[in-house]
Engineer: 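The structure that follows is given in the form of structure tokens.
Hydrogens, waters and symmetry mates are skipped; everything else that's a heavy atom, side chains included, is used.
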Protein chains: 4
Amino acid sequence: MTSSTDTLTARQQQALKTRQKLLHAGKETFLEYGFQKATISHIIKKAKTGYGTAYVYFKNKDELFMIIMEDLMNEFYQVAEMPFTPASKEEALEQIKKQVQLFLSLAIKEKEMMSIVKEAIGLSPEIEKAWYDIREKFISRISLDIRYAQQNKLARLNVDAQLVARGWFFSNEMFMWELVQNSTHYSLEEVIHNLTTIYANGLYE
Amino acid sequence: MTSSTDTLTARQQQALKTRQKLLHAGKETFLEYGFQKATISHIIKKAKTGYGTAYVYFKNKDELFMIIMEDLMNEFYQVAEMPFTPASKEEALEQIKKQVQLFLSLAIKEKEMMSIVKEAIGLSPEIEKAWYDIREKFISRISLDIRYAQQNKLARLNVDAQLVARGWFFSNEMFMWELVQNSTHYSLEEVIHNLTTIYANGLYE
Amino acid sequence: MTSSTDTLTARQQQALKTRQKLLHAGKETFLEYGFQKATISHIIKKAKTGYGTAYVYFKNKDELFMIIMEDLMNEFYQVAEMPFTPASKEEALEQIKKQVQLFLSLAIKEKEMMSIVKEAIGLSPEIEKAWYDIREKFISRISLDIRYAQQNKLARLNVDAQLVARGWFFSNEMFMWELVQNSTHYSLEEVIHNLTTIYANGLYE
Amino acid sequence: MTSSTDTLTARQQQALKTRQKLLHAGKETFLEYGFQKATISHIIKKAKTGYGTAYVYFKNKDELFMIIMEDLMNEFYQVAEMPFTPASKEEALEQIKKQVQLFLSLAIKEKEMMSIVKEAIGLSPEIEKAWYDIREKFISRISLDIRYAQQNKLARLNVDAQLVARGWFFSNEMFMWELVQNSTHYSLEEVIHNLTTIYANGLYE
DNA sequence: TATGAATGAGGATTCATTCAT
DNA sequence: TATGAATGAATCCTCATTCAT
């Protein structure tokens, strides 16, 4: 908290503000045009900064998008981190339902942005990679849950936790994309009920 | 086997040949460059035809690709049409395993091409649509199977066949893409065993 | 009327029919798409003939259009040929009004086609030339009329008949294009009245 | 003459210079190739700038052309604005002659460019529009003149000023195009004499 | 006379990114 | 830190026309 740090902070604050402006303008722009059609030009115009300025803060469009995506992804990470300690098959079912519900609800809450994310995944390897990381995070967490259940003799032992977790997450993820893109007529409840019923009964004994 | 239909116009035969040349050159080009980087220019050079010629037969790159894709997709359609009439839970498990095995094996056999298909799906709405059609075909077929099993009191009745079929196919599809892109270290057998175990035990009583 | 001529006629009739089909399809196509956007491809498809067939009868799109235009142009030629033999200034005014009226009415009657003609003039030197011929025809005829009036001491002598005819026709032509393209709010009557009033009073004494 | 406005950004000066280079090269190119055959590629090569640079300053070829045309059009506008306040029929005739003379002389002075303008009018709706605006400007001004003369009892009252102005300008414009394209053998003087004689005697009493 | 397969020249335009200031 | 002028690669697709049959 010396003076030098304060002065620095003053400068940094300006920089931070510029960065925020760009981020904000970026989100609006992506939401308006989609990932592909949004241009850096659009963004800097909306942020009222110079061309080069965007490149001071972000390597390119992909990186700018990924940083915008980050907050959202963090919310997903939090969902992934939910505790899972069922004492019985019934409790497991309950907790699993809860998790699926949270996961899908979050995606639906951020439908518009997730829709752009979906588009961006198909277009940018970097962003695809970022999503794969989220996916792996979820899968690891689910694997842990499965192993916990196996150790407690709740889940069948003749399956590989990792693989089962993968398959399970894949189903969830795909339904998520469909919900996000409004390409399904099923209700959230129906999806959750059916998904978890098969999974929980298949895995738990 | 009468003249008119067989002889059909030496001219048309020439045309057919040209079309085949283009298709062949197209496949090679896509395999070599990937979907995005392959250009019509590459293709006609390889086919040794004039520029406009490609446009006589195909509206654009997407359409050309889709026609090349078609043969492959037909193989998938055949897999989707496999009969499914289990008399018991054990038989069901067996038949399901068989189907998954066929589905994934086909994809692996055509790994290279499927990898390009994956790329193209993210890039061309038309091709995405074509793949979605395949998907729905599979899902419909699986729904039928589930309903059959439900009617024969093999499968649990408190689930929606369509929805379960969707979730089940999604898992399979996602693993398929991973296998195709070599992005998994699991063996085909492991994948099949774990996927079907959960699914069959979850669905069948 | 010998047999050979009849047989020949039979063949020629077929040819004539094909030609007519093309001409008819051409007119429809030009009317539908305009000159520029109409393609030979559109036309032969509508005429249900082969590609090359159009080129058997017409050198190119311009020529095909000009032949379609011909009937219309002939109607203009007829208007241009109208007799003009006034005995007095009043009669001259009357006859001039009549001519303008016929000229503009014809153009309005064929508004749609004339609109395409206008477009084509700007796009094809050949068609521009064809229209220029019509124009010269009118101007020559008007020159004759003026000279007739000059000889009869009806019209002032200190002007060049050719040049006056030109100027007079130009006014008429320009109003004609405006009427054809609906780019004027004046009524036909107003136009005629004002045009002829100035002209007749300027020329006739 | 203060600093801020004058100094304006060495950078902007450079930009302005580039823009001028492009404009200059554009004019040369259009003059050399005509409107249709001139390409942006030709222009940037002559201006020694990068491809995209042209698009920084001008939306497309049409816009570039219109800006080049602008100077010329401004000269026309000035001619259109000439005062007209005759006290007698003779003075009116004199002043009208003067105006026609200025109008046609200007066009002849810029013969080459006007020839390209004529071509461009038939090819680009935007440019056609730009010319139509000039035309309306002239017509409005002439209308005013006619009304002035009518109020002073110099011109006949039984005609519509707007309409007469239109017809009169049309004649002038058409002769102008002919002079510009060398498609007439009449001398400027002959044209002026004949045009104005009819018009002035027709309109003025 | 009729066909239709094959041709290929040709130019506009975008936009992410750089770099000198 | 901020700017913004300049860049230029890279590909699409049309369509009138020909010519061998």
Engineer: With a 3.5 Å distance limit and no angle check, can you tell me whether A/S115 reaches the backbone of A/E112 through a side-chain donor-acceptor pair?
Structural biologist: no
Engineer: State, to 0.1 Å, how close B/N60 and B/I40 come at their nearest heavy-atom pair, and which atoms those are.
Structural biologist: C-CD1, 4.4 Å
Engineer: Starting at the 5' end of DNA chain F and moving along, which residue's nearest nucleotide shows up first, D/T53 or A/G50?
Structural biologist: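 Upstream on the strand: A/G50.
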Engineer: Atom OG1 of B/T49 and atom CG of B/L22: how far apart are they, to the nearest 0.5 Å?
Structural biologist: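 Taking OG1 in B/T49 and CG in B/L22, the distance rounds to 5.0 Å.
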Engineer: Does a donor on one side chain and an acceptor on the other come within less than 3.5 Å for A/T39 and A/Y33?
Structural biologist: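 Note: A/T39 and A/Y33 side chains miss the donor-acceptor criterion.
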Engineer: According to side chain to side chain contact (heavy atoms under 4.5 Å, CB included), who are the partners of D/L16, at least two apart in sequence or on a separate chain?
Structural biologist: none
Engineer: Using the rule given for side-chain contact (heavy atoms from CB on, under 4.5 Å), can you reason through A/L23 versus A/L64, listing the C-alpha separation, both sets of side-chain angles and the distance that settles it, and then say yes or no?
Structural biologist: CA-CA 7 Å; A/L23 250 13; A/L64 173 55; 3.5 Å; yes
Engineer: Are A/N74 and A/M69 close enough that some pair of their side-chain heavy atoms sits under 4.5 Å apart?
Structural biologist: no
Engineer: Under the salt bridge (Lys or Arg N to Asp or Glu O under 4.0 Å) rule, what pairs show up with a residue in residues 40-61 of chain A, not counting sequence neighbours?
Structural biologist: A/E28-A/K46, A/E32-A/K46
Engineer: Under 4.0 Å from any heavy atom of chain A: name the first and the last nucleotide of DNA chain F that qualifies, 5' to 3'.
Structural biologist: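 The protein-touched segment is F/dT1 to F/dA5.
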Engineer: Take C/N60 and D/K48, find for each the nucleotide of DNA chain F with the closest heavy atom, and name the residue whose nucleotide sits nearer the 5' end.
Structural biologist: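 Closer to the 5' end of DNA chain F: D/K48.
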Engineer: Separation of D/Y57 atom OH from E/dT13 atom C1', in whole Å?
Structural biologist: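 Spelled out: OH on D/Y57 to C1' on E/dT13 is 18 Å.
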Engineer: Locate the shortest heavy-atom distance separating D/E63 from D/Y57; write the atom from each residue and the value.
Structural biologist: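 Heavy-atom minimum between the residues: OE2-O, 3.9 Å.
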Engineer: Specify the residue among D/G52 and C/A15 whose closest nucleotide of DNA chain E lies further upstream toward the 5′ end.
Structural biologist: C/A15
Engineer: Where each pair must be Watson-Crick or G-U wobble with both distances under 3.5 Å, what dot-bracket representation of DNA chain E is obtained, with crossing pairs in [ ] and other-strand partners as |?
Structural biologist: .||||||||||||||||||||
Engineer: Return the residues of residues 21-47 of chain B meeting this criterion: a heavy atom under 4.0 Å from some atom of DNA chain E. Order them by number, or give none.
Structural biologist: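 None, since no heavy atom is under 4.0 Å.
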Engineer: Could you give the side-chain donor-acceptor pairs of residues 119-129 of chain A under 3.5 Å, partners two or more places apart or in another chain?
Structural biologist:
from   : atom 1 : to     : atom 2 : distance (Å)
A/E119 : OE1    : A/F35  : N      : 2.8
A/E119 : OE2    : A/Q36  : N      : 3.0
A/S124 : OG     : A/D62  : OD2    : 2.6
A/S124 : OG     : A/E126 : N      : 3.3
A/S124 : OG     : A/E126 : OE1    : 3.4
A/S124 : OG     : A/I127 : N      : 3.2
A/E128 : OE2    : A/Y132 : OH     : 3.0
A/K129 : NZ     : A/D133 : OD1    : 3.2
A/K129 : NZ     : A/D133 : OD2    : 3.2

Engineer: Do the side chain of D/T29 and the main chain of D/A25 share a donor and acceptor less than 3.5 angstrom apart?
Structural biologist: yes
Engineer: Go nucleotide by nucleotide along DNA chain E from the 5' end; which of B/V56 and C/A54 gets its closest nucleotide reached first?
Structural biologist: C/A54
